[in-house]
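Report on the structure given below.
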There are 2 protein chains.
Amino acid sequence: MYQLLIMTKKDLHRKRPRTEIPEPTLRRLPRYLHFLQGIWEQGQMNISAPAIARELNYDPTQIVKDLSYTGAVGKPRVGYVTYELIRIIEDFLSLNTKSEAILVGAGNLGSALLSYDNLSGFGIKIIAAFDVAPTKVGTQIGNVSVMHVSRLNELVTRLKVEIGILTTPARIAQEAVDIMVDAKIKAIWNFTPTFLQVPDSVVVQNTSMYANVAILLQRLKELKNKQYGQI
Amino acid sequence: MYQLLIMTKKDLHRKRPRTEIPEPTLRRLPRYLHFLQGIWEQGQMNISAPAIARELNYDPTQIVKDLSYTGAVGKPRVGYVTYELIRIIEDFLSLNTKSEAILVGAGNLGSALLSYDNLSGFGIKIIAAFDVAPTKVGTQIGNVSVMHVSRLNELVTRLKVEIGILTTPARIAQEAVDIMVDAKIKAIWNFTPTFLQVPDSVVVQNTSMYANVAILLQRLKELKNKQYGQI
DNA sequence: TTTTATTAAAGAAAAATATCTTTAATAAAA
DNA sequence: TTTTATTAAAGATATTTTTCTTTAATAAAA
Ligand SMILES: NC(=O)c1ccc[n+]([C@@H]2O[C@H](COP(=O)([O-])OP(=O)(O)OC[C@H]3O[C@@H](n4cnc5c(N)ncnc54)[C@H](O)[C@@H]3O)[C@@H](O)[C@H]2O)c1
Ligand SMILES: NC(=O)c1ccc[n+]([C@@H]2O[C@H](COP(=O)([O-])OP(=O)(O)OC[C@H]3O[C@@H](n4cnc5c(N)ncnc54)[C@H](O)[C@@H]3O)[C@@H](O)[C@H]2O)c1
């Protein structure tokens, strides 16, 4: 897919023209996808943006805009062809080419990810895990072998793995990341609360459950205040 | 648009000043907190917004604005008092009053959360877990007892638990949520990709790892394009 | 003491994102 | 066939969030 690039006056003030997909859109697309897979299994051949909007409680134009990023086109009065839309979103999100990844820190969370059989369902395949604990090294978790961290560099370099998943204790997160970066890992999925220092050539995606708890507790507080008429 | 002369549309919607904390701010505060706890342990008594900004790669005024929501005040040329700031953020995020929660679906992810000893470190204490699998019911995971779902209503009602964590298969997510809502759960932390239907009086916080993978893969793709000068 | 550099805070401006409005396409109903 | 209702798409507007600018406070240096 190739994109038309037109420089607007706005773009002149930017360091580079905008080609990046808005992050909110990227966050919503997987949600649409899951919903679409559901209705497809139920045999629904077509779906309109307003219908999706009603089900997922979004603004209808939001959906149309988001979907237009993927290149999907719909027909007036019919909507989109369900299976086509699924395929287009999957292609757009690179979910069909399973990217190989390694995981460092096979503890509670790491084991959950290793045992999660649907991780490949969204584009990632963990091919090896690394740890230092003698109780972990040498075992298999969810069909993935856990090796000692000292073997990371050799394996990652040889297999040209680009994605690293970080589920170590926060304390040693930076240390583990340095090893990954050294082995030429290009993207890090970080589950620790640590802010990672990496070169510009490496992408970090933080998944902070802390942030989600903060929002949950706050919204709960606001809800209570509203109910007591105190806001 | 003669109304503009008297009162803007914005003002009409806001009879009162905005009380909701912006979600981006809420997402950043836990990150600041983790960083502050780190420097506090290293004995740093004061910290300025620009210093935090350098470490966490944010805009300095962003930090000042975020912190001002919590009520923290800093001194010019000195910054904030580290331990005061930590306490203020913790208070603001309600991390000191541990909220009790129950968990439904003690599988891979559920077990990770039950075994996660630092969950209480950010304000939540899981007091019971529920499942249907005979292999789970009756066991203990991370010092928490796993009971049959049929006992949920009685326990939650009796102990007035307000928070429910959902880690069941996506397929039965709505079913499980209906049971929670019925038991007067007020806030649901949803780890499944399902969009949950709940009454207005219930808050849902979705934690979608899918969304994070989508962003990671996309940014990795963009990075590669940039390096090959193709953007 | 006076000067200087740093900083928080407030406010303005810009950028990003979401929502609303209009238009044209088109399938279904009359 | 003609009419009607629904809808995608494009564009305008509104809102939210981030970044920039100015100001005043103040600790450290001169
Ligand atoms: N468990 C959860 O539900 C949960 C939730 C949110 C965030 N997290 C975060 O995820 C991370 C892991 O949490 P957890 O509960 O799985 O902890 P854990 O202690 O169970 O797992 C950490 C694993 O990392 C391994 N490890 C230690 N040092 C290592 C090293 N130098 N190299 C490689 N591996 C090493 C340990 O042996 C252990 O197996 C933490 O940073 C935590 O904050 C966990
Ligand atoms: N494992 C992960 O790392 C991971 C990552 C992202 C998202 N998720 C999501 O989290 C959810 C759980 O994933 P998982 O890997 O832990 O799955 P899992 O199958 O290991 O766990 C699901 C648990 O729910 C229980 N359960 C089934 N029906 C139930 C019912 N009616 N009432 C109560 N409990 C019931 C099962 O017995 C099982 O113990 C899924 O929706 C998945 O998409 C998991």
Side-chain angles (χ1 to χ4, degrees), chain A residues 4 6-29 31-32 44-82 84-85 88 211 215, chain B residues 1 3-4 7-14 17-29 31-32 45-82 84-85 88 211 215:
Chain A
L4 186 60
I6 301 166
M7 288 277 271
T8 66
K9 201 194 283 176
K10 224 179 196 176
D11 290 329
L12 290 173
H13 294 282
R14 266 198 275 267
K15 290 146 214 151
R16 44 171 196 230
R18 185 184 173 87
T19 53
E20 291 182 3
I21 314 307
E23 197 158 306
T25 296
L26 238 26
R27 272 201 293 265
R28 284 186 294 263
L29 284 174
R31 168 143 298 174
Y32 302 159
Q44 195 173 326
M45 305 301 281
N46 293 282
I47 183 80
S48 72
I52 300 175
R54 272 190 301 276
E55 290 297 326
L56 304 185
N57 202 28
Y58 285 119
D59 185 280
T61 54
Q62 180 82 270
I63 311 243
V64 174
K65 274 233 166 92
D66 286 344
L67 294 182
S68 75
Y69 279 106
T70 67
V73 286
K75 261 193 198 164
R77 237 195 119 122
V78 175
Y80 304 85
V81 178
T82 311
E84 274 184 14
L85 191 52
I88 288 174
I215 297 170
Chain B
M1 279 277 191
Q3 258 190 350
L4 270 169
M7 195 184 252
T8 65
K9 199 176 176 187
K10 216 181 197 175
D11 291 326
L12 286 172
H13 285 289
R14 292 198 194 144
R18 190 191 159 85
T19 52
E20 284 188 6
I21 315 306
E23 196 157 306
T25 297
L26 238 26
R27 273 201 292 265
R28 285 185 295 263
L29 284 174
R31 168 143 296 172
Y32 302 159
M45 305 299 283
N46 293 283
I47 183 80
S48 72
I52 300 175
R54 273 190 300 277
E55 291 296 326
L56 304 185
N57 201 28
Y58 285 120
D59 185 280
T61 54
Q62 179 84 270
I63 308 237
V64 174
K65 273 236 165 91
D66 286 344
L67 293 182
S68 75
Y69 279 107
T70 67
V73 285
K75 260 191 198 166
R77 241 202 116 111
V78 175
Y80 304 85
V81 179
T82 311
E84 275 183 11
L85 191 51
I88 289 175
I215 297 170

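Note on naming: letters A, B, ... go to the chains in the order of the sequence lines (proteins, then strands), and numbering restarts at 1 for each one.
- Secondary-structure annotation of DNA chain C gives the stems C:1-30 with D:1-30, with a stem taken as at least 3 successive Watson-Crick or G-U pairs whose two distances both fall under 3.5 Å.
- The closest side-chain heavy-atom distance from A:Leu29 to A:Leu67 is below 4.5 Å.
- Checking each of B:Thr25, B:Leu26, B:Ile21 against B:Asp66 for a side chain to side chain contact (heavy atoms under 4.5 Å, CB included) leaves exactly one that passes, namely B:Thr25.
- At the phosphate of C:dT17, neither OP1 nor OP2 sits under 4.0 Å from any side-chain N or O atom of A:Gln62.
- Shortest non-hydrogen contact noted between A:Pro22 and A:Tyr69 is CG-OH, 3.3 Å.
- No engagement by B:Arg27 is indicated, since no non-hydrogen atom pair under 4.0 Å with the nucleic acid exists.
- One atom, CG of A:Asp59, and another, C1' of C:dT17, lie 12 Å apart when rounded to the nearest Å.
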Next on the checklist: Is there a side-chain contact (heavy atoms from CB on, under 4.5 Å) between A:Lys65 and A:Thr61? Walk through the geometry before answering.
Outcome noted: CA-CA 6 Å; A:Lys65 274 233 166 92; A:Thr61 54; 5.5 Å; no
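- Here the straight-line distance linking atom CZ of A:Arg31 with atom CD1 of A:Ile63 works out to 11.0 Å at 0.5 Å rounding.
- The distance between atom CD1 of A:Ile63 and atom P of C:dC20, rounded to the nearest whole Å, is 14 Å.
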Checklist entry - Does the pair A:Arg28 and A:Tyr32 meet the rule for a side-chain contact (heavy atoms from CB on, under 4.5 Å), with working shown? => result CA-CA 6 Å; A:Arg28 284 186 294 263; A:Tyr32 302 159; 3.4 Å; yes
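- With a 4.5 Å cut-off on side-chain heavy atoms, A:Val81 and A:Ile47 do not count as touching.
- If you measure from atom CG of B:Asp66 to atom P of D:dT17, you get 11 Å, rounded to the nearest angstrom.
- In this structure, CG of A:Leu26 is placed 16 Å from P of C:dA16, rounded to the nearest angstrom.
- Not counting sequence neighbours, B:Asn46 has no partner by the side-chain hydrogen bond (donor to acceptor under 3.5 Å, both in side chains) test.
- For the pair A:Lys65 NZ and D:dT13 P, the interatomic distance rounds to 13 Å; values are reported in whole Å.
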Distances for protein N or O near nucleotides 5-9 of chain D N or O, under 3.5 Å:
unit_1	atom_1	unit_2	atom_2	d
D:dA5	N3	A:Arg77	NH1	2.9
D:dT7	O4'	A:Arg77	N	3.3
D:dA8	OP1	A:Ala49	N	2.9
D:dA8	O3'	A:Gly74	N	3.4
D:dA8	O3'	A:Gly74	O	3.3
D:dA9	OP1	A:Gly74	N	3.2
D:dA9	OP2	A:Tyr80	OH	3.2

